[in-house]
Number of protein chains: 2
Amino acid sequence: MKRKVTLKQIAKELDVSISTVSKALRNSIEISEDTRQKVQAFAKLYNYRPNNIALSLKNRKTKTIGIIIPEIVHHFFSKVITGIELVANKRGYNVIVGLSNESFDKEVINMQMLANGSIDGFILSIAKETLQQQDYHHFTETINQGMPIVMFDRVADNIPCDKVIVDDIKGAKKAVEKLIHNGCKNIAIITTRDYVSVGKLRTQGYLEALEEHKIDPKGSLILKIEDKLLSDEDLDKLEKEIELLFKSNKVVDGIFAVNELYAVTAIKVARKLGLEIPKSLQVVSFTDGVLSKHSTPSLTTVSQHGQEIGEKAAQLLIDRLELDDEEYNEEEQYETVVIETELIERESTKS
Amino acid sequence: MKRKVTLKQIAKELDVSISTVSKALRNSIEISEDTRQKVQAFAKLYNYRPNNIALSLKNRKTKTIGIIIPEIVHHFFSKVITGIELVANKRGYNVIVGLSNESFDKEVINMQMLANGSIDGFILSIAKETLQQQDYHHFTETINQGMPIVMFDRVADNIPCDKVIVDDIKGAKKAVEKLIHNGCKNIAIITTRDYVSVGKLRTQGYLEALEEHKIDPKGSLILKIEDKLLSDEDLDKLEKEIELLFKSNKVVDGIFAVNELYAVTAIKVARKLGLEIPKSLQVVSFTDGVLSKHSTPSLTTVSQHGQEIGEKAAQLLIDRLELDDEEYNEEEQYETVVIETELIERESTKS
DNA sequence: TTACAAAGCGAAAACGTTTTCGTGTTAAAA
DNA sequence: TTTTAACACGAAAACGTTTTCGCTTTGTAA
């Protein structure tokens, strides 16, 4: 087992100085053709690679991006990571991932672990618990220490940083309008409690769509689910609640679900009650994940373009990281980019 | 914006030496109670945190684990990451993720990016392309440089490193045996081409199960899919091939699919052909992902316990990283841990 | 008073780079 | 022969830590 070779070792071996070796490897004209060749040959032979950590220390940048997300076993978030990784790598950056597991404490700890020099900037989506508590001091502190943050999807409005968001309202509107145009008269929504910002926004989009089409919203058609991590018991409860929705509203002919799981569960329950999809009940979901695409019937859904969100977030962050200090002063503005949603029509709605 | 404060700055401000500050913060008895208090108060006020990069350089360890996986938008792999992250964090390590995207080149590049000091060791699952080319020089080189690797799921047998694998053969056997016990007489398998090791092993398990129950395998019941990244066209082709399977084998009453997608697609096709699940056709799949759980009918499936695999892999790696040098010599053995599979019975088989 | 130990602190090296500046040698120009 | 310029290389600082060793000062024992 040969240990990693360093400049110092090469220098010693070749009986030159460390500086000479360094320069020779970077093809400096200061160094004679002879020595250059000699050094480079030796370096190649011993497979020399500059030590990243030493470089980071010297340059005071790590070329690494910290990602903090609530969970990774989730189609949307993994898509976002794919996007981040794509442009990060293309621009010479690495990606280090922390999971908050929707917990405030883990979010804080993770940020602290990374903020001490390990990374140049953050890309993150806020944990539910943090959203509830509305305690954002760890974000402002990080930013105050000169480390830029880009938030995506679940963002906090009054934090000074770049943001990449989905137009949840508009996306939800598109979904509901699709149902309206397809002739649905009694459209129910299955959503989450309001503290999860996206649930709130999607509900708002639902209401706006109804309003614009002069449909009076009915409270009994709005089902708000307590959104814990979904254990199997919770799934049972979810089914019960949806069943109740159908039973107390016999006329329901359209469903807008704010995520795939609610949608497939609704379909499952509906079928059990003898409803045919999409003939007597049409369903639109949010998030174009594996369930939408491959369950039967496949789901008409609002795609959020997770990968694109990741790409954009990475681009924003790296752009800011690579701002020269001169440009820095003027550029105290932060951007909020809205990634358009797209309605993907499949079998759960009439065409 | 206050920049990050360093020992040097604190020292200057308090008019003591850097050494004193460092010692004071680490509660060294060399330092008087007075100075200690003073320094610690000041450090707290300015929110001092030691720079990780400097520590890494000094200690020659980064407390960071590099993960390289083929893709992240995949239930199994994200579960594994969750597991790795869990124990890594618990033991004070960070996790940095690289995606090979099933490409040999990206795998190599990613490893090079990380192997130069950024991390202490690797946890990885080999890209399909690498598996095909059987070019493993980047693994051996990394190991030769003293950086340990733990491989999981898709491993290369003759590389000297710890491994965490699924007993694919046994898992597949369990699945097929379930079908046999449930009365299936003509069990087909939908698998991948052989160079993907897991496809091969699962096929082997299928054959063994048949053999042990004195059933002659029929070539026409073995469908091998060219396993590219699945675009929508490929999905069409997949359906066509499965349809052909059913049409040329009218008697098929059981299907073992080596992944969820093949299973749901098979079910979809079967239904179109008028087959009832699980009455006239029973299906078992591999990988307990979101499709198995939430599609209709839900799938009986072989769970690989991805999270557990991740946890075990992380444990193996960190244990090795933290071996004292004394213990090191004796311990040149590598471990291969087999994580047992579990058959989870759901609606796609008779109970 | 002398000697010496303990207490409290600082200087410096080390981790592995890159880069600035200086220095010695050689060859060409005056 | 002397001056100068080009060339080739080395020393040292810097990034932010930790740690070893040595130095001063004080208090205590001889």
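Every chain is numbered from 1, with letters handed out A, B, ... down the list of sequences.
- Spacing between atom CG of A:N59 and atom P of C:dG16 amounts to 17 Å, rounded to whole angstrom units.
- Across all strands shown, A:S19 has heavy atoms under 4.0 Å from base atoms, whether or not it also approaches the sugar-phosphate.
- Residue A:S56 is classed as having no contact, given no heavy-atom separation below 4.0 Å to the nucleic acid.
- Note: B:F104 and B:H138 have perpendicular aromatic rings, judged against thresholds of 30 and 60 degrees for the angle between ring planes.
- When heavy atoms are screened at a 4.0 angstrom cut-off, B:K8 is found touching the sugar-phosphate backbone but no base atom.
- Remark: the A:E141 side chain and the A:Q145 side chain contain no N/O donor-acceptor pair separated by less than 3.5 Å.
- Residue order along DNA chain C, read from the 5' end via each residue's closest nucleotide, puts B:I29 first among B:I29 and A:S22.
- Among the heavy atoms of the strands lying under 4.0 Å from B:L7 is at least one base atom, whether or not backbone atoms are also near.
- For C:dT19, the OP1/OP2 oxygens have a side-chain nitrogen or oxygen of A:R26 closer than 4.0 Å.
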Q) Under the salt bridge (Lys or Arg N to Asp or Glu O under 4.0 Å) criterion, do A:D162 and A:R320 qualify, and how do the steps go? A) CA-CA 9 Å; A:D162 293 317; A:R320 190 168 291 276; 2.9 Å; yes

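- Proximity of B:R60 to the phosphate of C:dG16: a side-chain N or O atom is located under 4.0 Å from OP1 or OP2.
- Distance NZ (A:K23) to P (D:dA11): 11 Å, rounded to an integer number of Å.
- Taking atom NZ on B:K38 and atom C1' on C:dG8, their separation rounds to 12 Å, with Å as the unit.
- Nearest to the side chain of B:I18, among C:dA11, D:dG16, D:dT18, sits D:dT18.
- Salt bridge absent: A:E13 and A:K38 never bring a charged side-chain N and a carboxylate O closer than 4.0 Å.
- Evaluation of atom-type donor-acceptor distances gives no pair under 3.5 Å for the side chain of B:K58 against the base of C:dG16.
- Using a 4.0 Å heavy-atom criterion, one finds that A:S32 contacts the sugar-phosphate atoms exclusively.
- By the 4.0 Å N-to-carboxylate-O rule, B:K106 lies close enough to A:E85 to be salt-bridged with it.
- Of the candidate nucleotides D:dT18, C:dC9, D:dG10, D:dG10 has the atom nearest to the side chain of A:V16.
- At a threshold of 4.0 angstrom between heavy atoms, the contacts of A:T6 are confined to the sugar-phosphate backbone, with no base atom among them.
- Mapping A:A54 and B:V21 onto DNA chain C by nearest heavy atom places B:V21 closer to the 5' end of the strand.
- When heavy atoms are screened at a 4.0 angstrom cut-off, B:R36 is found touching no nucleic acid atom at all.
- Rounding to whole angstrom units, CG of residue B:N52 and C1' of D:dC15 are separated by 15 Å.
- One interatomic measurement links the two molecules: OH of B:Y46 to P of D:dG16, which rounds to 17 Å at whole-angstrom precision.
- One atom, CG of A:L57, and another, P of D:dG16, lie 7 Å apart when rounded to the nearest Å.
- Regarding B:D15, its CG atom lies at a distance of 12 Å from the P atom of C:dC9, rounded to whole Å.
- Between B:F77 and B:F152, the angle of the ring planes goes over 60°, which puts this pair in the perpendicular group of the 30/60° scheme.
- Distances were taken from every side-chain heavy atom of A:E30 (C-beta onward) to each of D:dC9, D:dT17, D:dT19; the shortest belongs to D:dC9.
- Distance, A:N27 CG to D:dA8 P: 14 Å, rounded to whole Å.
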